Number of protein chains: 2
Amino acid sequence: MSIVSEVSDSTKTRTRGADKRRQLMAAAARVLHQQGVERTTIADIAHAAGVPVGNVYYYFKTKDALVQAALAEHSGHLAELTGELDKLPSPLERLKALVGLWVGQRDVAARYGCPTGTLAVELDKRAEGGMDLEAGRVIRLLLDWVERQFRELGLSDPDNLALTLVGAYQGMSLLANALRDPEIMTREGSRLIRWLDSLPDDGTGHRNS
Amino acid sequence: MSIVSEVSDSTKTRTRGADKRRQLMAAAARVLHQQGVERTTIADIAHAAGVPVGNVYYYFKTKDALVQAALAEHSGHLAELTGELDKLPSPLERLKALVGLWVGQRDVAARYGCPTGTLAVELDKRAEGGMDLEAGRVIRLLLDWVERQFRELGLSDPDNLALTLVGAYQGMSLLANALRDPEIMTREGSRLIRWLDSLPDDGTGHRNS
DNA sequence: GTCTATATACAGATAGAC
DNA sequence: GTCTATCTGTATATAGAC
């Protein structure tokens, strides 16, 4: 009995610990997005995660570690998202669906901005150690995925096109947030869809211009 | 003598006071842009302005007042800038010159982002009192000026076009900053110039499509 | 108007009991 | 592994001397 119960306890404990860790990560991503890095205290995150305040340091040694955890969370969410989009048959549909997702998030964008974009702005100022580029790395992931779609479409300068599309997203998110106007997302989103539809495409998935 | 010297002293004092106030405003705009609102202390601004730390509160009652002063500074700088651009003969030249100015600032944008844009992101989180939209108001000024140019060009939906142009600027600034790559400003800037040149224009300043 | 010293408050992090 | 109490540092803001 002792061995069995020990193993069981150990497993249970490890599971619980991992759960709390994940809860803290999710809470960090959520609260840091809404309140910003500097205005958010460890206590805020602990409360949001339903974890006792003093216990946080067992899972994350510093506040910066929590910020990195939030970034990992965003990174994971992005991977999930592109994973879903990849199931769509054509690159053009995938890109248009991505824009649709952005517009679908217009209310949260107008209230808090793009999670990764605002985090990038804040971390640039935070600038202690060399973790300023961590947010940039997540944005790079999105940039690279978008570039891949443009390349599959056979378009020239897929990297510039990706810059334009992701830049438009960051720009419209920032404006929607600064002016507290979700309609900006809708209007710019429609334009981006039209723009994507207007791009040269011979229907075979290979470039024609 | 007493009256004359008193008036003179008073004038001198007022002038000196106004100077220090302006020095503090300029320093606030500069330092808040570089370090961010939350990471900047009153002492930082005082040092940058060459004003004794404890003296700051004579000119600005709170830190928020200094932030607003920095915003006023940006607003003034924008007015100066558009004032210069307004001297150019055609709206199209004015818009292209604006893009040129943005690209000219690529290094500071890649290092610290757009002064007003990053401030808007930070103030959105700060959100105490109702001063969250103050930065939005400055962005609105730019948006309105750009919209006026598009309207003079006789284009339809000048407000949407303004949103697209200013959004592109905010987006490329954020990406350049997040990835620490000034080249992004150059590449997107070139595209924007080409886009502006491609817009329908009958040469009379009135719409043609 | 100028500046020093300090009150107040709070957040990040740690020690150590359980 | 969990949690409480607390140390320490630092920033805003104020009181009051000059």
Side-chain angles (χ1 to χ4, degrees), chain A residues 5-25 27-28 31-32 34-70 122-123 125-129 131, chain B residues 5-25 27-28 31-32 34-70 122-123 125-129 131:
Chain A
S5 102
E6 268 169 42
V7 168
S8 173
D9 279 357
S10 159
T11 301
K12 212 161 106 188
T13 302
R14 262 190 281 114
T15 303
R16 275 233 202 89
D19 278 354
K20 282 203 178 177
R21 202 173 202 288
R22 265 184 233 114
Q23 281 166 21
L24 281 168
M25 286 182 70
V31 178
L32 288 176
Q34 295 174 352
Q35 307 191 344
V37 176
E38 305 295 340
R39 302 291 280 196
T40 297
T41 67
I42 308 255
D44 288 337
I45 296 173
H47 287 138
V51 169
V53 194
N55 197 6
V56 173
Y57 284 94
Y58 177 75
Y59 296 100
F60 298 95
K61 272 184 264 296
T62 66
K63 187 179 180 179
D64 279 344
L66 269 169
V67 173
Q68 271 185 296
E122 288 196 275
L123 293 188
K125 312 298 185 190
R126 203 168 167 84
E128 261 161 36
M131 103 162 194
Chain B
S5 102
E6 268 171 43
V7 168
S8 172
D9 278 359
S10 160
T11 301
K12 213 163 108 191
T13 302
R14 261 192 280 114
T15 303
R16 275 231 203 89
D19 277 357
K20 281 203 178 178
R21 197 168 206 289
R22 264 183 235 115
Q23 280 166 20
L24 281 168
M25 285 182 69
V31 178
L32 288 176
Q34 294 174 352
Q35 306 191 346
V37 177
E38 307 294 340
R39 302 292 279 196
T40 298
T41 68
I42 308 257
D44 288 336
I45 297 174
H47 287 139
V51 169
V53 193
N55 198 5
V56 173
Y57 283 94
Y58 177 76
Y59 296 98
F60 298 96
K61 273 184 264 296
T62 65
K63 185 179 180 178
D64 278 344
L66 268 169
V67 173
Q68 271 185 297
E122 288 196 275
L123 292 189
K125 313 298 186 193
R126 202 168 168 82
E128 260 159 36
M131 102 163 194

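Below, chains carry the letters A, B, ... as their sequence lines are ordered, and counting in each starts from 1. All values derive from a computational prediction rather than experimental measurement.
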> For the helix from C:dG1-D:dC18 to C:dC18-D:dG1, what angle lies between the axis at the first five pairs and the axis at the last five pairs, to 10 degrees?
Replying inline: 10°
Please report, rounded to the nearest Å, how far the [atom2] atom of [N] is from the [atom1] atom of [X].
X: A:Tyr57; N: C:dG16; atom1: OH; atom2: C1'; answer: 16 Å
X: A:Phe60; N: C:dG12; atom1: CZ; atom2: C1'; answer: 16 Å
X: A:Asp44; N: C:dC10; atom1: CG; atom2: C1'; answer: 12 Å
X: B:Lys63; N: D:dT10; atom1: NZ; atom2: C1'; answer: 12 Å
X: B:Leu66; N: D:dA11; atom1: CG; atom2: P; answer: 15 Å
X: B:Ile42; N: D:dA11; atom1: CD1; atom2: P; answer: 11 Å
X: B:Asn55; N: D:dT12; atom1: CG; atom2: P; answer: 16 Å
X: A:Arg39; N: D:dA11; atom1: CZ; atom2: P; answer: 15 Å

[X] has a side chain; which of [options] sits nearest to it?
X: B:Thr41; options: D:dA11, C:dC3, D:dG1; value: D:dA11
X: B:Tyr59; options: C:dA13, C:dT2, C:dC3; value: C:dT2
X: A:Tyr58; options: C:dA13, D:dT14, D:dG1; value: D:dG1

>> Tell me whether the NZ or CZ atom of B:Arg21 lies within the 45° cone about the ring axis of B:Tyr58 and under 6.0 Å from its centre.
In response: no
> Can B:Arg126 and B:Glu38 be counted as an ion pair, charged N to O under 4.0 angstrom?
Replying inline: yes
> Which pair of heavy atoms, one from B:Leu24 and one from B:Ala46, lies closest together, and at what distance?
Replying inline: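 That would be CD2-CA, 4.4 Å.
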> How far apart are the closest heavy atoms of B:Ala65 and B:Phe60, and which atoms are they?
Replying inline: O-CD2, 3.9 Å
>> Once rounded to the nearest 0.5 Å, what's the spacing between atom OG1 of B:Thr40 and atom CD of B:Gln34?
In response: 9.0 Å
>> Treating A:Lys63 as the side-chain partner and A:Val37 as the backbone partner, does any N or O pair qualify as donor plus acceptor under 3.5 Å?
In response: yes
> At under 4.0 Å, does any side-chain N or O of A:Lys61 touch on OP1 or OP2 of C:dT14?
Replying inline: no
> Is there side-chain contact between B:Glu122 and B:Val67, with heavy atoms separated by less than 4.5 Å?
Replying inline: no
